[in-house]
Amino acid sequence: MTSLLSIQGLQVDIATPGGTLQAVKNLNLDVQRGETHCIVGESGCGKSITALAMIGLLPEKARITAGSILFEQQNLACLNEAGLSNLRGNRMAMIFQEPMTCLNPTLTIGTQLTEGFLRHGKGNRKAAYERAIMLLEKVGISAADKRFHQYPYSLSGGLRQRVMIAMALMCEPDLIIADEPTTALDVTVQAQILATLSELKSEMGLSLIVITHDLGVVARIADNVTVMYAGEAVETGTVSQVFGNPGHPYTVGLQKSVVGSADRDSQRLSVIPGRVPSLVGGLTGCRFRNRCPHAIPKCAEADIDMSELEADHTYRCLRNVSAGRPEMTGGVL
Ligand SMILES: Nc1ncnc2c1ncn2[C@@H]1O[C@H](COP(=O)(O)OP(=O)(O)OP(=O)(O)O)[C@@H](O)[C@H]1O
Ligand code: SF4
Ligand SMILES: [Mg+2]
């Protein structure tokens, strides 16, 4: 089956005063139609840069230096700005963590909702209005006509994020990329927004890529998951494969960081001792080795390829771990 989105060997470099920062390295990621794919990993692992590369909104100093991003067989890495802007908001749309950074405070919700629909030639003003009202209602906003004429500051954070979801859906995209869509919201609103997004995904046959720090979110909504660490995918597979039978010590660490934790704030990934290494300059060997309880000298010698643990489940480690075994078994060494 041809993937809706297929990323192969993606590398994104960012020019910084200290040298080249390798934000994404040799990333492979496939998303099928109707799939929800979560990307998880702690801060600075390259999740947002990956998403921005997909939608052609990389920061000025960032460049795709290798690889391809095929969206329905079309390589986005080779499209010019006009080609990308034709896709953006139309075939694929993005929802960011903080809606206020995307909403223009000086324009009404209605103007912003309908702008892309009209620009992409999806219909006239009446059709745009009708679709906007229908979508505002679908994302759970009551008094939709009143909201349509209001400015963003009149809405709560939760309502603004619902508006962003409606906006993302205006042109009937095939793919929505949501970067930490609920992190800024309180837990109850978070759950409601995720439920809305999942329902709409099924109803409209969308594919979703959801970036999150929160493994609870992954468990609730994902079909497949990619775990990223320091710019690389370190494990990918179905949710039950990756969390039921993890192959990478980082995935094991992530799981341990939430086990027994009742407090949401402590379900953050930072409980794994140590920090993500600086991505500036050449990094060789396993990028997790300074934090890995199972590191051996060989882990520093050369870059490590993904290995197959089972069908459709791959991991990037010289050694071999599996669930229920707290200690390494030696694996392939
Ligand atoms: N505009 C930029 N200029 C320089 N470096 C950047 C820029 N944006 C991101 N980076 C760097 O690229 C790397 C990947 O960042 P990215 O924002 O993708 O991380 P992330 O996984 O999304 O983290 P978070 O969970 O905090 O959002 C980090 O080292 C980050 O410092
Ligand atoms: S390659 Fe070595 S350092 Fe890296 S995760 Fe595996 S055991 Fe740990
Ligand atoms: Mg981010």
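Just so it is clear, the values below take in all heavy atoms, side chains as well, and ignore hydrogens, waters and symmetry mates. Order of listing sets the numbers, starting from 1, for every ligand and every atom in it.
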Review point. For atom 1 (S) of ligand 2, which candidate among L318, T251, V252, N290 provides the closest heavy atom?
Key: L318
Revision key, fill the gap. Under 4.0 Å from one or more heavy atoms of C292, ligand 2 contributes atoms 3 (S), 5 (S), 7 (S), 8 (Fe)
Point to revise | Main-chain N/O of T314 paired to S307 side chain as donor or acceptor, under 3.5 Å | key: no
Exercise for review: State whether C317 contributes an N/O/S atom found under 2.8 Å from atom 6 (Fe) of ligand 2.
Suggested key: yes
Exercise for review: Would you mind listing which atoms of ligand 2 come within a distance below 4.0 Å of any non-hydrogen atom of R319?
Suggested key: 7 (S)
Point to revise | Side chain, backbone, both or neither: the part of H248 lying under 4.0 Å from ligand 2 by heavy atom | key: side chain
Practice item. Could you note down all residue pairs passing side chain to side chain donor-acceptor pair (under 3.5 Å) where residues 154-171 supplies at least one of them, sequence neighbours left out? Key: R162-T196
**Study point:** N-O pairing of D223 and K201 below 4.0 Å
**Key:** yes
**Study point:** Salt bridge D305-R316, side-chain N to carboxylate O under 4.0 Å
**Key:** no
**Study point:** Atoms of ligand 2, numbered as shown, that sit under 4.0 Å from any heavy atom of I304
**Key:** 1 (S)
Review point. Under 4.0 Å between a Lys/Arg side-chain N and an Asp/Glu carboxylate O for R88 and E81?
Key: yes
**Study point:** Numbered atoms and elements of ligand 2 in range of P249, under 4.0 angstrom, heavy atoms
**Key:** 5 (S)
Point to revise | Ligand-side contact atoms (ligand 2) for residue partner C286, heavy atom cut-off under 4.0 Å | key: 1 (S), 3 (S), 4 (Fe), 5 (S)
Practice item. Give a yes or no on whether C299 keeps an N, O or S atom under 2.8 Å from atom 2 (Fe) of ligand 2. Key: yes
Point to revise | D303 bridged to K25 by N-O distance under 4.0 Å | key: yes
Exercise for review: Not counting sequence neighbours, list each pair that qualifies as a salt bridge (Lys or Arg N to Asp or Glu O under 4.0 Å) and has a residue in residues 127-140.
Suggested key: K126-E130, K138-E203
Point to revise | Distance filter under 4.0 Å to A295 heavy atoms, resulting ligand 2 atoms | key: 3 (S)
Exercise for review: Share the residues that join Y153 in a hydrophobic cluster, the rule being Ile, Leu, Val, Met, Phe, Trp or Tyr side chains under 4.5 Å apart at the heavy-atom level.
Suggested key: Y151
Revision key, fill the gap. The answer, listing residues by chain and number that come under 4.0 Å of ligand 1 through any heavy atom, is I14, L21, A23, E42, S43, G44, C45, G46, K47, S48, I49, P59, H213, L279
Exercise for review: Assess the side chains of H213 and E180: does a donor N or O sit below 3.5 Å from an acceptor N or O?
Suggested key: yes
Study note, to complete from the structure: If we number the atoms of ligand 2 from 1 as shown, the ones under 4.0 Å from a heavy atom of R289 are 3 (S)
Review point. Under 3.5 Å, side chain of T212 to main-chain N/O of D214, donor-acceptor pair present?
Key: yes
**Study point:** Presence of salt bridge, R291 and E42, under 4.0 angstrom
**Key:** yes
